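First up is the structure itself, then whatever we jot down about it.
All values reported here derive from a predicted model rather than from experimental measurement. In what follows, chains are A, B, ... by sequence order, proteins preceding strands, each numbered from 1.
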There are 2 protein chains.
Amino acid sequence: MTTMGDVARLAGVSASTVSHVLNGTRNVNAATRLRVEAAIEEVGYRRNGVARSLAAGRTHTVGLSISALTNPYFGSLVHAVERALSDAGYVLIVGDSHDDVSSEQRVTGSLLDRQVDGMIVAPAAGSERTTLPEITRSQTPMVLIDRGEDVGFDRIVPENFGSAKGLTDHLLDLGHRRIAVVRGLAGISSTIERFDGHCAALAGRGIAVDPTLVVDGESSTDVAEREVRALMSRADRPTALVSLNNAMTIGTLKAIRGLGLSIPQDVAFVCYDDFEWSDLFEPRLTAAAQDVETIGVTAVELLLARIRGSEEPPRHIRVPTTFHHRNSCGCTSAPVRR
Amino acid sequence: MTTMGDVARLAGVSASTVSHVLNGTRNVNAATRLRVEAAIEEVGYRRNGVARSLAAGRTHTVGLSISALTNPYFGSLVHAVERALSDAGYVLIVGDSHDDVSSEQRVTGSLLDRQVDGMIVAPAAGSERTTLPEITRSQTPMVLIDRGEDVGFDRIVPENFGSAKGLTDHLLDLGHRRIAVVRGLAGISSTIERFDGHCAALAGRGIAVDPTLVVDGESSTDVAEREVRALMSRADRPTALVSLNNAMTIGTLKAIRGLGLSIPQDVAFVCYDDFEWSDLFEPRLTAAAQDVETIGVTAVELLLARIRGSEEPPRHIRVPTTFHHRNSCGCTSAPVRR
DNA sequence: ATGAAAGCGCTAACAC
DNA sequence: GTGTTAGCGCTTTCAT
């Protein structure tokens, strides 16, 4: 490996001069600069980022801890975050917490060890008491995304309550009264807020929540499929169904299809989260779509501000969803409502 | 920030002893170890991975350069790779090359600067002459995935030729003679091999390739949609269609639906790459599915072997696909064939 | 406009 | 079983 010293020797200057031409951090005589650049070229020199980080105290690296890299939602998020960071000269280290605090701690611990300049975390259930305090102690700037309680950090989450309420309201407008809901993983804020939105819609029409019409899909395709299959096999099955996230929507659709039921004739369907293929499904899915791009880009903006030393009070941003009114709700032509 | 020196002072030992208890790299008296561990706990010490990497000459970090993080295929790949690396004590740095050599060079350059111990690259078209030689010069172990020419590296790619041939053969078996193909991005091996497979199937039945039945989808949903729409608007449109990757399949389906045509009545359809929702689409999609998990895990295995110093000749592994025989091809019940 | 030199926090001979 | 010491390759004062 060739070092700055090699370059310096070849160019007949000191290492410090090489460093300065590389970083543009002080004036260098044009002729000297040329010599240095030629020497760099000649030996094929490439700076050692590790040594650089150690000396400078910054790594230009940001860590991202998310719960399930397989979920296309997080795929898009990683993409948005990577692009925004890359534009700012940072690189992204990703870790998957598998929605489990102990894996999460391994992941974030490793990021902390590597001296990331900041981190973006989609917290697993329970991390307020484990992972987050650890990050706080390390003084590493952090922003929370997707979910999480108010624990004194910047936080950027999708609008949950109103969007879920809107979904159920639409079903109510259509005359449904027995509406079942497929609820996400217990203990995370998005599950709670979306479920609350659903309940609020029912309450708005004076309908009590029927516990037999609430199924726990645990944010999992398989669990949702199993539970919905059981639910829809009952004689007193609901006339409409709302699924509260993308993974569970797939399970729900599989269950309905498996039972030979059709949407919306046998059961009306709406869901939180959109898919690239929502328009392709028959009938087209009525859904509340998150703006993942905005979530990712905003998270990076807030984080970079913190890294630059911002001492503003923590911000809490809610990114609105878009209601895609299609046909799975039972409407044929789709006037935009709400 | 607290350092090893602080811990050493508090425990009344030398820094080197602290290092050794931390790394288990030499015997330490049980009592001393306990004192050190207590001291670590007390000051909330956490090792500085940057300094560690500089001194040790290894970063326990692997870089991944892929072409399009938004593609769910790569999402799954990142997931598999991350898990395999994490199990081996490595972390993953990801970069998106946007299928463009100059972005790719930025990405890989940045990974090299950061002294990754190895890298996994899904090369962009043209990188044999730019990015790859640069990585070679740096002596960083590398494995190629998804595509790429034979340029003396370990390489792990899906089986393309035979899988694509099988898709077209199936259509031919069903009696189709005017079969159109939606081809991927020019210049990458997967496009070429899959297209060759298609042509070989036709040739096998003595059918010449009709250039008007070959559309370039450029591996893009939007381009495929536009091109397929044009193709299927013609009076002499084909009776069957094969799409050669996932993004183009979505575009193709949108075009067909937009035209009010139905599968398989108006046109039979088969595709390379599977989706989580292939079973949900009506009709269910007949597809050749890549084994992304195996690709990712194998890539990591080969890479770690290189990092550990293996000097074996470069290996070239083809991971077989699975033929999912469903209904979009026009078959109603689906006996497995081939 | 440039150089010398002191670290950054750790690992790994090498001594005892 | 433990300490001393010399780096790893760079950045950054401080001189000149």
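For the pair Leu54(B) and Asn29(B), nearest-nucleotide mapping onto DNA chain D gives the more 5' position to Asn29(B).
Heavy atoms of Thr32(B) sit under 4.0 angstrom from primed sugar atoms or phosphate atoms, though from no base atom.
Atoms CZ (Arg47(A)) and C1' (dG9(D)) sit 12 Å apart, rounded to a whole Å. Counting to the nearest Å, the P atom of dT11(C) and the CZ atom of Arg58(B) are 10 Å from each other. With rounding to whole Å, His20(A) atom NE2 is found 14 Å from dA4(C) atom P. What separates CG of Asn27(B) from P of dG3(D) is a distance of 15 Å, to the nearest Å. Distance CZ (Arg33(B)) to C1' (dG1(D)): 11 Å, rounded to an integer number of Å. Put simply, CZ on Arg26(B) is 8 Å from P on dG3(D), counting in whole angstrom units. Across the protein-nucleic acid pair, Met4(B) atom CE and dT4(D) atom P stand 13 Å apart, rounded to whole Å. Whole-Å rounding puts the Arg52(A) CZ to dG9(D) P distance at 16 Å.
Contact annotation: Asn48(A) side-chain N/O to dC10(D) OP1/OP2 distance is not under 4.0 Å.
Under the 4.0 Å criterion applied to side-chain N and carboxylate O atoms, Glu311(B) and Arg306(B) are not assigned as salt-bridge partners. Contact check on Arg35(A) versus Glu42(A) returns no salt bridge, with no Lys/Arg side-chain nitrogen under 4.0 Å from an Asp/Glu carboxylate oxygen. By the 4.0 Å N-to-carboxylate-O rule, Asp87(A) lies too far from Arg106(B) to be salt-bridged with it. Between Glu301(A) and Arg315(A), none of the side-chain N atoms (NZ, or NE/NH1/NH2) sits under 4.0 Å from a carboxylate O, so this pair counts as no salt bridge. Remark: Asp6(B) does not engage Arg46(B) in a salt bridge, criterion side-chain N to carboxylate O under 4.0 Å.
Looking at Phe74(A) and Asp146(A), their side chains come closer than 4.5 Å, going by heavy atoms from C-beta outward.
By the 30° and 60° cut-offs, the orientation of the rings of His98(B) relative to His79(A) is perpendicular.
Minimum atom distance to the side chain of Tyr45(A) is reached by dC10(D), of the listed dG9(C), dC10(D), dT11(C).
For dG9(C), its base never sits under 3.5 Å from the side chain of Arg114(A) at any donor and acceptor pair.
For the segment residues 9-17 of chain A, the set of residues with a heavy atom within less than 4.0 Å of an atom of DNA chain C comprises Gly12(A), Val13(A), Ser14(A), Ser16(A), Thr17(A), in numerical order.
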